[in-house]
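Here, residue 1 is the first one in the sequence, and each next residue gets the next number. Counting starts at 1 for both ligands and their atoms, following the listed order.
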Amino acid sequence: MKRLFSKEEIEKAVDRLATEIERDFPQEELILVCLLKGSFIFTADLARRLKNPVKIDFLRVSSYGLSKESSGEIRITKDLEEDIEGKNVVVVEDIVDSGITLKAIREMLLRRRPRVLKICVLIDKKARRKVEVPFDYVGFTMYDGFVVGYGIDYAEAFRQLPEIYVIEE
Ligand code: IMP
Ligand code: MG
């Protein structure tokens, strides 16, 4: 495993993202939608940097299909508890690969008619993008490689690592 992003780099990125979000929603209430499980640490750090009044809610989906690749159809395994209609919503995602999961989540949440829906992604991984999803805030960009740490897992392991590593093949 090789370290890709240090604690300091992550802190700086989270700081910058919080500043960008605050600029877009000056003093307005936000609902942060943490996509489980991978975004739990990122969401916790981001929430603590934001000066806005914030509510935090959790969404977990699994994608249909057997292959490792997302199918584009999602099944909600834990739904939000907040009603997001008319609210400012920021979806917090750990990593975007094909983009298929996030695109499906975005469309599902837009049908609930939030006032604004923005998407905040910690890592934009470019190599295997299949569909375009518009994100509003991006922490890091990388081309390819399997990453773990800071909430992100490999077979449920390594989520607790405070920094982000890439697993070498
Ligand atoms: P997508 O639908 O292909 O964009 O799937 C994105 C999801 O796959 C992310 O939210 C992660 O849960 C998982 N994922 C993609 N790349 C990685 C990685 O490098 N490490 C761990 N999980 C990943
Ligand atoms: Mg995820």
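- In this comparison of Tyr154, Phe158, Phe146, the heavy atom closest to atom 21 (C) of ligand 1 sits on Phe146.
- Which parts of ligand 1 touch Thr101 is read off a 4.0 Å heavy-atom cut-off, strictly below it: atoms 1 (P), 2 (O), 5 (O).
- Distances below 4.0 Å separate heavy atoms of Glu93 from the following atoms of ligand 1: 10 (O).
- Residues Tyr154 and Phe146 have side chains in contact (heavy-atom distance under 4.5 Å, counting atoms from C-beta outward).
- When atom types are taken as modelled, the side chain of Arg106 and the backbone of Phe135 share no donor-acceptor pair closer than 3.5 angstrom.
- In the vicinity of Ser98, heavy-atom distances shorter than 4.0 Å reach the ligand 1 atoms 1 (P), 2 (O), 3 (O), 4 (O).
- Not a single heavy atom of Gly38 lies less than 4.0 angstrom from ligand 1.
- Residue contacts with ligand 1, taken as heavy atom pairs separated by less than 4.0 Å, do not involve Arg128 at all.
- Ion pairing between a basic and an acidic side chain is recognised when a charged N comes within 4.0 Å of a carboxylate O; Glu107 and Arg111 show no such pairing.
- Exactly one residue among Asp94, Val96, Ile152 makes a side chain to side chain contact (heavy atoms under 4.5 Å, CB included) with Ile123. That residue is Ile152.
- Taking the side chain as every heavy atom from C-beta outward, Phe140 and Leu122 approach each other to under 4.5 Å.
- Applying the 4.0 Å criterion to heavy atoms of Asp153 picks out, from ligand 1, the atoms 21 (C).
- The N/O atoms of Ile95, backbone and side chain alike, include one that comes under 3.5 Å of an N/O atom in ligand 1.
- Asn88 places no side-chain N or O within 3.5 Å of a backbone atom of Leu30 that could act as its donor or acceptor partner.
- Looking at Asp45, its side chain never comes within 3.5 Å of a backbone N or O of Val14 through a donor-acceptor pair.
- Between Gly139 and Ala13, the closest heavy-atom pair is O-CB, 4.2 Å.
- Both the backbone and the side chain of Asp97 come within 4.0 Å of ligand 1, counting heavy atoms alone.
- Ligand 1 has no N or O atom lying under 3.5 Å from any N or O atom of Leu102, backbone or side chain.
- Close approach of ligand 1 to Gly145 is summarised as follows: ligand atoms under 4.0 Å from at least one heavy atom of the residue are 19 (O).
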